[in-house]
There are 2 protein chains.
Amino acid sequence: MPVTLRDVAQAAGVSRSAVSRCFTPGASISDKTRAKVEQAASDLGYSPNALASSLTTGRTKLVGVVSNNFHNPIFLEFFDRVTRELQGRGLRPLLVNLSDETDPTQSIRMLQQYSVDAVIVASSTLPVSFATSYVEAGMRVVHSFGRLTDSPKLHVLGIDNVEAGRVAARELLRRGYRRVGFLAGPLSATSTRDRHTGFAEELGRHRDVSLSVSYAQAYSFDAGRAEMTRLLSMGPAEAYFCGDDVLSIGALSAIRDAGLSVPDDVGILGLNNMEMAGWELINLTTIHNPVDEIVRGSVDLVDRMLSGAETAPQSIAFDCKVVERGTLRPAP
Amino acid sequence: MPVTLRDVAQAAGVSRSAVSRCFTPGASISDKTRAKVEQAASDLGYSPNALASSLTTGRTKLVGVVSNNFHNPIFLEFFDRVTRELQGRGLRPLLVNLSDETDPTQSIRMLQQYSVDAVIVASSTLPVSFATSYVEAGMRVVHSFGRLTDSPKLHVLGIDNVEAGRVAARELLRRGYRRVGFLAGPLSATSTRDRHTGFAEELGRHRDVSLSVSYAQAYSFDAGRAEMTRLLSMGPAEAYFCGDDVLSIGALSAIRDAGLSVPDDVGILGLNNMEMAGWELINLTTIHNPVDEIVRGSVDLVDRMLSGAETAPQSIAFDCKVVERGTLRPAP
DNA sequence: AGAAATTGCTACAACGATTTAGATTTGCCG
DNA sequence: CGGCAAATCTAAATCGTTGTAGCAATTTCT
């Protein structure tokens, strides 16, 4: 039913290779035959079969976009940006949701079956082993929002979570908080541990500052709410650095619900700066996660890998800055 | 570099067809050769090339997921559900972001090039012509969140927007509101017009009720905020039916900002019931859009179309119910 | 003008699978 | 054990494209 290159060749009265060359940029073809071919092609409504061509070229222009964060609004921003960037370069996102997947083998097989040219793993909670096993399976991989290391096995782009912890600590100190807490996400994520490291390190320089740490069950509103409710019942700190904006909003809810006010009674500092953090009803002071730049960097890297440049794996750190809104008291 | 069916055949000492049959369910093969083949396959780490097989079978198991709603949080719920459902049936989502696309031709070509087995168009703002031109290009299409009609050219699943308008009207009337407004999304969307139709129709049965209508520039927080600010300056209605939750939250913001209170001074009724509508800081009374069921229905339909059952195009309506929270006053 | 280099074309063999047709083997029965 | 049908195999054609030879026509050089 669909019209093939063969049909076009026949209609234009040329060989199949001539038609093929007509559609491959930079190939040698005369204006005369090009005209004939293009005429025939548009008459028949021909468009080349990308899958068939991938058989011989070995390139599919398919890029696996793998994530387990389908509940965090900031990932909608990610999906928006990453699809646009890929499309802009003629690449196609093959979306993989591994929310209930604990083992990479399945997704590896699937991505190999579709011979994706590269994979973008987008997650801050996935164990490092996930992305590395993609690499070991022979794929080109970029890990966005991953953990930065000195000797990376693959390309990693994201904020430095240790640094983010330090930034958070400095911000709270600057505003005169002395009894502070870290309301973290699940301990299983390396990002959680890294942030804790930086946060504790920076606070540790001050003798008069106390730190309490607790872990929410998940990066979710409910988990943040539950954990903050528990904290309030035990006598809360003056301010909390939360592992995530959604978690923060859960915490805010619990605080208001307890009849306390933010930032007068308790301060909250989020992380990510998702769009909604700026909505007045929420108005969350938070650390900005530069999704746009990370996406652009990631897709750039993919593009470069596909053009043959085999660069050594590197970690690329992005700056994270505090966005001031209404959930921390002003500096004294 | 990658291991092919040929390699496996050689290693197992059988013909290529034997290996192929071993991987096609329901094919005739003896236990003995099956064992040999499976041994060889797992030794070599073979996984069949889905693209190559699609060449002869004509099926790719690729499903285009096309949307222009990458800014509305409810679509993150959609992406989560739809990817899971597709994956659960061995189908692969090829994501297409047509946020800045006004013309279907490009995406049609692209989807044809990758010979997707079917397309799910997910949007309530895309003109009907978009989905129908996919159909005309010969693709199997399901339109989720589309406009229901009596004689559809394609499968459409979603709430009946006219009915949603009626439901909204009845809810406001029940609570004793008499001067009401429709704070709609852009007029270009058919969903906007349908909701208006139902809303006005139901209100029209009551002589003592007045209706004002205005249109936000987009389905966004800022647009909702701006429009409500304008409305407040001209003397607002008692309650508004908003075209969308995000729009509603923008409106809420403007109202609070003006020193008025919800629901005492102004009532707000949203539409969609996205997850955040339930967060206490927002606590929005809204009409539930059953995303889960719509997705399940859509993927079911895709699945059925792919199993050969050529059913006539049909519109499937889903119920929409009001979820009561805190932005409408209680019935008198 | 004749040799050499360049262009532009066609024919044909891949790419990695499936599928058809035909050849073998196996199982069953008297 | 012979005969017949069913089960299972192999070889070859095919899917729609690209890439490599090789040939013909044209251009360039001396």
Side-chain angles (χ1 to χ4, degrees), chain A residues 1-38 40-41 44-62 90 109-117 138, chain B residues 1-38 40-41 44-62 90 109-117 138:
Chain A
M1 198 61 197
V3 32
T4 77
L5 173 141
R6 181 188 213 99
D7 303 328
V8 178
Q10 206 149 28
V14 299
S15 73
R16 286 179 283 156
S17 349
V19 180
S20 172
R21 271 173 311 152
C22 181
F23 286 95
T24 34
S28 144
I29 188 166
S30 72
D31 291 350
K32 206 169 53 179
T33 45
R34 147 154 285 140
K36 277 195 295 185
V37 169
E38 283 180 344
L44 299 176
Y46 169 73
S47 69
N49 182 328
L51 270 26
S53 87
S54 84
L55 244 196
T56 53
T57 60
R59 307 268 317 270
T60 55
K61 285 170 178 290
L62 246 30
R109 278 180 64 89
M110 189 250 118
L111 291 166
Q112 280 179 334
Q113 290 184 331
Y114 284 87
S115 18
V116 294
D117 286 346
Chain B
M1 197 63 194
V3 32
T4 78
L5 174 140
R6 181 188 213 99
D7 303 328
V8 177
Q10 206 148 29
V14 298
S15 74
R16 286 180 284 156
S17 355
V19 180
S20 172
R21 271 173 312 151
C22 182
F23 285 95
T24 35
S28 148
I29 188 164
S30 72
D31 291 348
K32 205 168 53 179
T33 46
R34 149 153 282 141
K36 276 195 294 185
V37 170
E38 283 180 344
L44 299 177
Y46 169 72
S47 71
N49 182 328
L51 269 28
S53 87
S54 85
L55 245 195
T56 53
T57 60
R59 307 269 315 274
T60 56
K61 287 172 177 288
L62 247 28
R109 278 180 63 90
M110 189 248 119
L111 291 166
Q112 280 179 333
Q113 290 183 332
Y114 284 86
S115 17
V116 294
D117 286 346

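Only heavy atoms go into these numbers, but all of them, side chains included; no hydrogens, no water, no symmetry mates. Since the model is a prediction, treat every value here as computed from it, not as a measurement. Numbers restart at 1 for each chain; the letters A, B, ... are given by sequence-line order, proteins then strands.
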Exercise. Report yes if the side chains of S115(B) and N49(A) come closer than 4.5 Å at any heavy-atom pair, otherwise no.
Key: yes
- Under 4.5 Å between any side-chain heavy atoms of V8(A) and L44(A), yes or no? yes
Approximate separation, where rounding is to 0.5 Å, of [X] [atom1] and [Y] [atom2]:
X	Y	atom1	atom2	answer
K36(A)	E38(A)	NZ	CD	13.0 Å
L62(A)	L51(A)	CG	CG	7.5 Å
R109(A)	Y114(A)	CZ	OH	12.5 Å

Quiz item: Within the distance-only criterion (no hydrogens, no angle test), does the side chain of T60(B) pair as donor or acceptor with the backbone N or O of S54(B) below 3.5 angstrom?
Solution: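 Absent.
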Going 5' to 3' through nucleotides 11-18 of chain C and flagging B where a protein heavy-atom sits under 4.0 Å of the base, S where only the sugar-phosphate is that close, and - otherwise, we get BB-BBBBS
Salt bridge (Lys or Arg N to Asp or Glu O under 4.0 Å) filter on R16(A), not counting sequence neighbours, yields none
Rounded to 10°, the helix from dA1(C)-dT30(D) to dG30(C)-dC1(D) deviates from straight, judged by its five-pair end axes, by 30°
Over how many whole Å does the gap from R59(B) atom CZ to dT19(C) atom P extend?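 From R59(B) CZ to dT19(C) P: 11 Å.
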| said: Going by side-chain contact (heavy atoms from CB on, under 4.5 Å), L5(B) matches just one of P48(B), S17(B), S20(B), S53(B). Which one? | reply: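 Testing L5(B) for a side-chain contact (heavy atoms from CB on, under 4.5 Å) against P48(B), S17(B), S20(B), S53(B) leaves exactly one candidate, S20(B).
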_Inter- and intrachain pairs under salt bridge (Lys or Arg N to Asp or Glu O under 4.0 Å), touching residues 47-61 of chain B, at least two apart_ =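 Found R59(B)-D117(B).
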Residue pairs passing the salt bridge (Lys or Arg N to Asp or Glu O under 4.0 Å) test with at least one member in residues 17-33 of chain B, sequence neighbours excluded, are none
(request) Considering only heavy atoms of chain A and a distance under 4.0 Å, specify the first and last nucleotide of DNA chain D in 5' to 3' order that meet this criterion. (result)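 With heavy atoms of chain A under 4.0 Å away, the range is dG16(D) to dG19(D).
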query: Contact class for S54(B) vs. all strands (heavy atom < 4.0 Å): base, sugar-phosphate, or nothing?
result: nothing
